[in-house]
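Notes for the one structure printed next.
Positions are given from 1, in the same order as the sequence printed here. This is a predicted model, so every value here is computed, not measured.
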Amino acid sequence: MLPVSVPEIQRTNLANTVLLLKAMGINDLINFEFMDPPPVQTLIAALEHLYALSALDDEGLLTRLGRKMAEFPMEPNLAKMLLTAADLGCGEEMITIIAMLTA
């Protein structure tokens, strides 16, 4: 066991954190002054994940969908599932599924 534990931000999926920072207008995440900066590769993986979810455009800026996803207090992939389900008319069913996944 390490004498000092690794900070949470350095060992978790940062997709939700990156999405929220982007929604606040912070676009230069590589040079952002984190108290305990995560590895650059972790930030890049989070950006790629958000791009795959269509939350970011080709320039790394937040899309309209990404802005909507940031309003939900859940992981970005669950937020996209809920927004897509609402568009398809099965939002209530998706809320139940998300509740079961996050419980």
Side-chain angles (χ1 to χ4, degrees):
M1 190 162 145
L2 296 173
V4 177
S5 63
V6 177
E8 183 79 12
I9 195 166
Q10 293 184 355
R11 56 187 167 91
T12 61
N13 179 0
L14 294 179
N16 196 32
T17 304
V18 169
L19 183 63
L20 292 174
L21 288 170
K22 291 275 191 181
M24 291 189 299
I26 300 168
N27 288 311
D28 186 9
L29 298 173
I30 302 298
N31 295 315
F32 183 73
E33 295 184 24
F34 290 99
M35 187 184 291
D36 292 309
V40 174
Q41 192 58 34
T42 306
L43 282 173
I44 292 171
L47 290 167
E48 289 173 345
H49 180 71
L50 292 172
Y51 178 76
L53 291 173
S54 301
L56 300 179
D57 63 13
D58 292 339
E59 297 175 5
L61 301 174
L62 212 54
T63 62
R64 185 177 300 134
L65 174 63
R67 192 157 302 283
K68 287 181 184 177
M69 290 166 58
E71 294 177 13
F72 288 92
M74 59 184 68
E75 290 297 316
N77 56 336
L78 297 177
K80 180 165 183 181
M81 286 170 40
L82 185 56
L83 289 166
T84 302
D87 290 342
L88 297 173
C90 54
E92 290 183 30
E93 292 86 348
M94 187 55 66
I95 288 173
T96 302
I97 293 168
I98 290 173
M100 289 188 292
L101 289 172
T102 58

Starting at [atom1] of [X], measure out to [atom2] of [Y] and round the result to the nearest 0.5 Å.
| X | Y | atom1 | atom2 | answer |
| --- | --- | --- | --- | --- |
| Asn31 | Glu33 | CG | CD | 9.0 Å |
| Leu29 | Asn27 | CG | CG | 7.0 Å |
| Asn77 | Ile98 | CG | CD1 | 8.5 Å |
| Ile26 | Phe32 | CD1 | CZ | 4.0 Å |

### Query
Any link between Leu83 and Leu20 through a network of hydrophobic side chains (Ile, Leu, Val, Met, Phe, Trp, Tyr) touching at under 4.5 Å?
no
Could you go through residues 86-97 and list every donor-acceptor pair under 3.5 Å that involves a side-chain atom there, pairing it with any protein atom two or more places apart or in another chain?
unit_1, atom_1, unit_2, atom_2, d
Thr96, OG1, Glu92, O, 3.3

Give every donor-acceptor pair under 3.5 Å between a side-chain atom in residues 43-61 and any protein atom, sequence neighbours left out.
unit_1, atom_1, unit_2, atom_2, d
Tyr51, OH, Asp58, OD1, 2.8
Asp57, OD1, Glu59, N, 2.9
Asp57, OD1, Gly60, N, 3.0
Asp57, OD1, Leu61, N, 2.8

Can you list, pair by pair, the side-chain donor-acceptor contacts under 3.5 Å of residues 68-75, counting residues two or more places apart and other chains?
none

